[in-house]
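One structure is given here, and the rest of the page talks about it.
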Amino acid sequence: MLIAAGLWHAGYLGLTPKGRRLFLDLLPRWRDVTDPWKVLSYNLGFAPEKPKFGRFSYVEKAEYWALIWGTMLMGVTGVVLWFENTSMGLLTKLGFDISRTVHFYEAILATLAIIVWHFYFVIFNPDVYPMNLAWLTGRVSEREMQEDHPLELERMKKEGTLSAAPPPKPGEADDGPTI
Ligand code: HEM
């Protein structure tokens with residue numbers, strides 16, 4: 001299922017205009033190397049403002065490419081483990097054992113990355129606690145956009161691609177229009 005989902009995603013990236021745009025927006029740029037230092041400097045109180053991000057910050061790009069890399073690694077080593085007789089014939093017992101070791105440690109690394117890193121950004125970070133619901137709703141409030149992706153918000157306003165959400169129900173927090 002993981003391999004099927006990966007292939008589906010690759011098809012989406014390559015074959016649809018939205019997917020191609022997503023891929024281009026996720027490509028690492030030079031500012032993804034400099035931004036972490038600027039954020040560190042801001043967090044330590046040396047800079048008055050944090051850098052303004054576009055659609056994806058270096059954090060989201062790093063998480064995305066870690067997922068892609070992890071999926072490819074688990075897919076390839078998983079197939080080696082799956083067809084053990086064929087792969088031992090092709091790669092020798094040593095090659096098979098290396099694949100198993102890589103598969104095992106990547107499983108631990110990926111699990112820890114999700115629990116420590118990913119859960120921090122989408123659950124335990126005080127800015128989003130108890131949870132960033134974008135993964136369920138597909139939407140982000142204007143306030144969140146202003147805070148985390150101001151350049152993308154600016155671009156959407158210019159292009160007129162903002163979509164308004166239904167007004168909040170009584171008692172519900174109003175975070176401004178969602179996007
Ligand atoms: C996130 C995805 C995955 C995780 C976390 C994961 C985790 C694991 C772990 C921890 C093991 C035990 C390793 C050991 O005994 O040293 C294992 C074994 C195995 N995995 Fe995966 N795996 C994943 C994806 C896949 C995929 C995509 C495939 C197939 C293409 C696959 C095929 C296998 C096979 C065949 C075994 C050996 C089972 C056995 O001999 O009992 N895995 N996996």
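Atoms within each ligand, like the ligands themselves, are counted from 1 in listed order.
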Quick one: does E159's side chain have a donor or acceptor within less than 3.5 Å of a partner on M156's backbone? no
Who's the nearest protein heavy-atom neighbour of atom 12 (C) of ligand 1, and how far? F104 CD1, 4.6 Å
May I ask you to check whether H9 and Y64 place their ring centers less than 6.0 Å from one another? yes
Is R143 salt-bridged to E147, going by a charged N under 4.0 Å from an acidic O? no
Decide yes or no for N125 and Y129: does some side-chain heavy atom of the first lie under 4.5 Å from some side-chain heavy atom of the second? no
Please list the nearest protein heavy atom to atom 1 (C) of ligand 1 with its residue and the distance rounded to 0.1 Å. L2 CD2, 4.2 Å
If we count only non-hydrogen protein atoms and require a distance under 4.0 Å, does atom 8 (C) of ligand 1 qualify as touching the protein? yes
Atom 33 (C) of ligand 1: closest protein heavy atom, distance to 0.1 Å, is H103 NE2, 3.8 Å
Hey, does the side chain of E60 reach the backbone of S57 with a donor-acceptor pair shorter than 3.5 angstrom? yes
Among all protein heavy atoms, pick the one closest to atom 34 (C) of ligand 1 and tell me residue, atom and distance. L81 CB, 3.6 Å
Will you find, in the side chains of S141 and E144, an N or O donor that is under 3.5 Å from an N or O acceptor? yes
List ligand 1 atoms under 4.0 Å from I3, heavy atoms only on the residue side. 30 (C)
Would you say atom 38 (C) of ligand 1 touches the protein, meaning some protein heavy atom is under 4.0 Å from it? no
Winner among G78, A107, S99 once heavy atoms are compared against atom 5 (C) of ligand 1: A107
Using modelled atom types and a 3.5 Å cut-off, is there a donor and acceptor pairing between side-chain atoms of K61 and backbone atoms of L27? yes
Contact atoms of ligand 1, heavy-atom distance to V79 under 4.0 Å: 30 (C)
Sub-4.0 Å protein heavy atom next to atom 42 (N) of ligand 1: yes
When you check the gap from the basic side-chain N to the acidic O, do E142 and K157 get nearer than 4.0 Å? yes
Identity of the nearest option to atom 27 (C) of ligand 1, non-hydrogen atoms only, from M74, E106, R100: M74
